[in-house]
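As structure tokens, the structure follows; a few thoughts come after it.
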Amino acid sequence: MKTLNLTSQRQAVYDIVRSSHDHPTAAEVMNRLVEQGHNLAYGTVYNSLRYLSDKQMIRELKLGEAASRYDARLDEHQHILCEVCGAVDEVMTQVPQEWTDQVSEETGYLITHAHVVFGGVCPNCRSKGAKQL
């Protein structure tokens with residue numbers, strides 16, 4: 001069993017990530033904490049996000065952007081990134097077994113998990129006329 005040391009600061013950061021559906025960056029977590037009346041240092045927020053990631057309470061997503069994003073949903077799923085506005089959404093379609101088999105055959109790796117990040121233009125940007133980059 002994991003030993004957790006959830007300080008009030010870590011709990012506040014966890015609550016923000018858990019209640020967010022847009023996969024916030026550390027800066028967005030910080031802004032939401034301020035909006036709720038919390039006064040935490042940036043270092044505390046970053047350290048709390050690292051702690052929560054290390055304890056597997058949240059996932060750190062590196063989606064090809066400069067800043068990591070955070071996700072409290074731990075079940076197996078993929079992500080799609082809007083290449084216009086940067087929105088991130090969840091994709092519940094599973095990675096096909098034949099893909100992982102082919103990657104394993106090609107590389108010699110024993111595949112333990114897969115995370116696919118799709119890129120495209122979200123419906124909101126498409127409705128505003130953004131068809132491509």
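Because only heavy atoms are used, hydrogens play no part in the values below, and waters and symmetry mates are left out as well, while side chains stay in. Only a predicted model underlies this, so the values are computations on that prediction, with no experimental measurement involved.
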Ser53 vs Arg59, test: side chain to side chain donor-acceptor pair (under 3.5 Å). Steps then yes/no.
CA-CA 5 Å; Ser53 296; Arg59 284 200 300 183; over 6 Å; no

Would you call Leu40 and Val13 a side-chain contact if the rule is heavy atoms closer than 4.5 Å?
yes

Is there a continuous path of hydrophobic side-chain contacts, each under 4.5 Å between heavy atoms, that joins Tyr14 to Leu74?
no

So, for Ser68 and Lys62, which heavy atoms are closest and what is the spacing to 0.1 Å?
OG-CG, 3.8 Å

Would you say Met57 and Tyr46 are hydrophobically clustered, going by side-chain heavy atoms of ILVMFWY under 4.5 Å?
yes

Give the intermediate values and the outcome of side chain to side chain donor-acceptor pair (under 3.5 Å) for residues Asp101 and Gln97.
CA-CA 6 Å; Asp101 292 345; Gln97 185 62 46; 2.8 Å; yes

If you compare all heavy atoms of Glu83 against all heavy atoms of Gly119, which two are closest, and at what distance to 0.1 Å?
OE2-CA, 3.6 Å

Test side chain to side chain donor-acceptor pair (under 3.5 Å), reference Glu90, set Arg73, His79, Gln78, output is Arg73

Donor-acceptor under 3.5 Å (Thr100 side chain, Ile111 main chain):
no

Counting distance only, does the side-chain N/O of Arg69 pair as donor-acceptor with the main-chain N or O of His23 below 3.5 Å?
yes

Would you check if Asp75 and Met92 make a side-chain contact, meaning some heavy-atom pair closer than 4.5 Å?
yes

Tell me whether Gln94 at atom CD has more than 12 heavy atoms from other residues, nucleotides or ligands lying less than 6.0 Å away.
yes

Taking a hydrophobic cluster as the set of Ile, Leu, Val, Met, Phe, Trp and Tyr residues connected by side-chain heavy atoms closer than 4.5 Å, whether directly or through intermediates, do Val88 and Ile80 fall within one such cluster?
no

Do Phe118 and Leu81 have side-chain heavy atoms sitting under 4.5 Å apart?
no

In terms of hydrophobic clusters joined by side-chain contacts under 4.5 Å, are Val45 and Val34 together?
no

Where Cys85 and Cys122 come nearest, the two heavy atoms and their spacing
SG-SG, 3.9 Å

Nearest heavy-atom neighbours spanning Val121 and Cys125:
CG1-CB, 3.7 Å

When the ring centroid of His115 is compared with that of His77, is the distance short of 6.0 Å?
no

Any side-chain heavy-atom pair from Ile58 and Asp71 closer than 4.5 angstrom?
no

Is Ser20 reaching over with its side chain to a backbone N or O of Asp22, donor-acceptor style, under 3.5 angstrom?
no

Could you tell me if the side chain of Trp99 sits less than 4.5 Å from the side chain of Pro96, heavy atoms only?
yes

Here the pair of heavy atoms bringing Ala41 nearest to Met30 is C-CE, 4.1 Å

Under 3.5 Å, is there a donor-acceptor pair between the side chain of Glu28 and the main chain of Thr25?
yes

Show me the donor-acceptor pairs within less than 3.5 Å that the side chains of residues 4-11 make with the rest of the protein, sequence neighbours left out.
from	atom 1	to	atom 2	distance (Å)
Thr7	OG1	Gln9	OE1	3.4
Thr7	OG1	Arg10	N	3.2
Arg10	NH1	Asn5	O	2.5
Gln11	NE2	Asp15	OD1	2.8

When you compare the side chain of Val17 with that of Leu49, does any pair of heavy atoms fall below 4.5 Å?
yes

